[in-house]
Amino acid sequence: MNARPDPAAMRDLAVDLGIRAGRLIREGRTEGIRDVQTKTSDVDVVTAMDKACESFLIAELQAARPGDGVYGEEHEERSSETGVRWIVDPIDGTVNYLYGIPDYAVSIACEIDGVVVAGAVVRPESDEVYHAYVGGGAYRDDVALHGSTPQSVAVSLVATGFGYIATRRQQQGALLANVIGSVRDIRRIGSAALDICYAAEGRIDAYYEWGLHAWDFAAATLIAAEAGLTVRSPEHEDGLLVVGAPAVADDLAQLLHIHIDPAWGVPA
Ligand code: IPD
Ligand code: CA
């Protein structure tokens with residue numbers, strides 16, 4: 001039986017692969033965006049580079065750790081023979097990537113027996129690397145992260161995001177309409193992984209999204225938790241993810257929760 005992997009070593013592997021994958025997609029962008037296809041709707045895009053980057057990550061992970069599982073945005077899930085599973089988003093913020101907006105990232109999380117223990121989120125356009133392993137604190141490069149200290153939700157800068165299905169987005173818009181008058185302001189940056197890392201860093205005070213996939217948040221929520229933020233998992237029955245400074249996260253979650261109409265169902 002294999003020894004349980006060291007979370008710090010898994011973090012190091014995620015950082016190394018994230019930096020190399022980030023270089024791949026940034027250089028790919030300068031050569032031009034190719035083969036833009038759509039997925040769940042006409043506005044849900046996937047580029048040739050999303051697929052190439054995820055293939056690169058899968059091949060490198062299999063070479064480094066044969067038998068580990070991989071769960072990525074663009075491919076079928078590969079099951080794990082080791083208890084270790086990697087959750088990867090090759091380009092989070094694909095629409096930003098398409099338009100040349102620099103807020104896109106590679107996200108890599110390592111899960112052992114169903115618990116995320118290490119992760120890296122790399123923003124290639126600025127060479128910023130957010131990373132953490134469980135119990136080890138959170139960092140941007142070598143700077144320790146501790147979030148912000150807002151006094152209340154009313155003076156919090158809150159980021160959010162929207163999915164690609166029109167009806168879902170209308171529901172997300174209705175939810176936003178109910179909170180926008182109760183916060184300092186709203187940001188829609190376009191990459192959930194970076195939104196959450198920015199909250200960990202204190203560039204914003206909180207982030208929420210109703211209806212998000214594990215590859216979008218798995219690495220970043222560990223980074224936020226290790227920075228001392230409160231993370232409300234979307235495994236709650238309303239499917240709402242909230243990440244924020246401890247002083248405001250619960251109040252924000254409550255404010256949002258009462259405005260989620262149960263008739264909307266839990267987002268898939
Ligand atoms: C999307 C981004 C966006 C969030 C969406 C995600 P993608 O991921 O993270 O900020 O609001 O819900 O689907 O499509 O750019 O990988
Ligand atoms: Ca994503």
Side-chain angles (χ1 to χ4, degrees), residues 1-18 21 54 57-90 92 105-122 130-139 145 161 163 192-197 199-200 207-244 246 249-250 253 265-268:
M1 184 157 161
N2 294 331
R4 187 180 167 85
D6 173 16
M10 299 299 94
R11 185 277 316 270
D12 292 347
L13 178 55
V15 166
D16 175 57
L17 289 181
E54 189 164 311
L57 291 172
I58 291 171
E60 292 291 324
L61 284 166
Q62 285 188 332
R65 294 192 45 84
D68 285 2
V70 184
Y71 178 47
E73 178 161 9
E74 312 302 343
H75 291 75
E76 294 294 312
E77 178 164 9
R78 283 158 197 256
S79 59
S80 174
E81 298 159 17
T82 61
V84 176
R85 186 174 78 145
W86 298 85
I87 305 173
V88 302
D89 192 342
D92 185 50
V106 181
S107 175
I108 304 174
C110 175
E111 192 184 69
I112 303 179
D113 298 333
V115 177
V116 175
V117 299
V121 174
V122 176
Y130 297 88
H131 56 91
Y133 65 88
V134 68
Y139 292 85
L145 306 179
L194 287 177
D195 286 317
I196 298 165
C197 290
Y207 163 80
Y208 79 88
E209 190 162 335
W210 180 70
L212 201 59
H213 296 100
W215 51 73
D216 298 309
F217 65 78
T221 48
L222 175 69
I223 292 165
E226 285 293 324
L229 275 67
T230 298
V231 176
R232 181 193 197 265
S233 155
E235 284 171 10
H236 279 75
E237 63 182 16
D238 60 7
L240 175 68
L241 171 69
V242 179
V243 178
D250 290 345
V266 177

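Side chains included, hydrogens not; waters and symmetry mates left out as well; all remaining heavy atoms used. Residues take their numbers from the sequence shown, with the count starting at 1.
Contact record, Ala249 with Gly244: CB-O, 3.8 Å, taken as the closest heavy-atom pair. For Ser107 against Ala193, the heavy-atom pair with the smallest separation is CB-CB, 4.3 Å. Nearest heavy atoms, Ala118 versus Pro7: CB-O, 3.6 Å. Minimum interatomic distance between Pro246 and Thr230 (heavy atoms only, all atoms of both residues): CA-OG1, 3.4 Å. Across every non-hydrogen atom of Ala132 and Gly137, the tightest pair is CB-O, 3.5 Å.
Every residue two or more places apart in sequence or in another chain was checked for a side-chain hydrogen bond (donor to acceptor under 3.5 Å, both in side chains) with Gln62, and none qualifies. Under the side-chain contact (heavy atoms from CB on, under 4.5 Å) criterion, Pro5 pairs with Met10, Arg65, Val84, Ile112, sequence neighbours left out. For the side-chain hydrogen bond (donor to acceptor under 3.5 Å, both in side chains) test, no residue two or more places apart in sequence or in another chain qualifies with Arg78. For Asp92, the side-chain hydrogen bond (donor to acceptor under 3.5 Å, both in side chains) partners two or more places apart in sequence, or in a different chain, are Ser191. Residues that satisfy the side-chain hydrogen bond (donor to acceptor under 3.5 Å, both in side chains) test with Ser80, not counting sequence neighbours, are Thr82. With sequence neighbours excluded, the residues forming a side-chain contact (heavy atoms from CB on, under 4.5 Å) with Ala8 are Asp6, Tyr133, listed by chain and number. Residues satisfying the side-chain contact (heavy atoms from CB on, under 4.5 Å) criterion with Ala218, sequence neighbours excluded, are Ile87, Ala109, Val116. Applying the salt bridge (Lys or Arg N to Asp or Glu O under 4.0 Å) criterion to Asp250, with sequence neighbours excluded, gives no partner residue.
A side chain to side chain donor-acceptor pair (under 3.5 Å) check over residues 208-224, counting only residues at least two apart or in different chains, returns the pairs Glu73-Trp215, Tyr207-Glu209. Listed by first and then second residue, the salt bridge (charged side-chain N to carboxylate O under 4.0 Å, His left out) pairs that reach into residues 231-243 are Arg232-Asp238, sequence neighbours excluded.
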Inset, instruction - Report the C-alpha separation of Arg4 and Asp113 in whole Å, then their side-chain angles, then the decisive distance to 0.1 Å, and conclude whether the side-chain contact (heavy atoms from CB on, under 4.5 Å) test is met. - result: CA-CA 10 Å; Arg4 187 180 167 85; Asp113 298 333; 3.5 Å; yes
Legend entry - Criterion side-chain contact (heavy atoms from CB on, under 4.5 Å) on Ile196 and Leu241, from CA distance to verdict: CA-CA 10 Å; Ile196 298 165; Leu241 171 69; 4.1 Å; yes
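Only one option out of Val88, Val122, Leu13 pairs with Ile108 in a side chain to side chain contact (heavy atoms under 4.5 Å, CB included); it is Val88. Remark: of the listed residues Ile223, Leu222, Leu229, Leu222 is the sole one forming a side chain to side chain contact (heavy atoms under 4.5 Å, CB included) with Glu226.
Between Val115 and Val134 there is no side-chain heavy-atom pair separated by less than 4.5 Å. The closest side-chain heavy-atom distance from Phe217 to Val231 is not below 4.5 Å. Here the side chains of Leu57 and Val106 are in contact, with some heavy-atom distance below 4.5 Å.
With rounding to the nearest 0.5 angstrom, the CG atom of Leu145 is 8.0 Å from the SG atom of Cys197. The distance from the CZ atom of Arg11 to the OH atom of Tyr139 is 8.5 Å, given to the nearest 0.5 Å.
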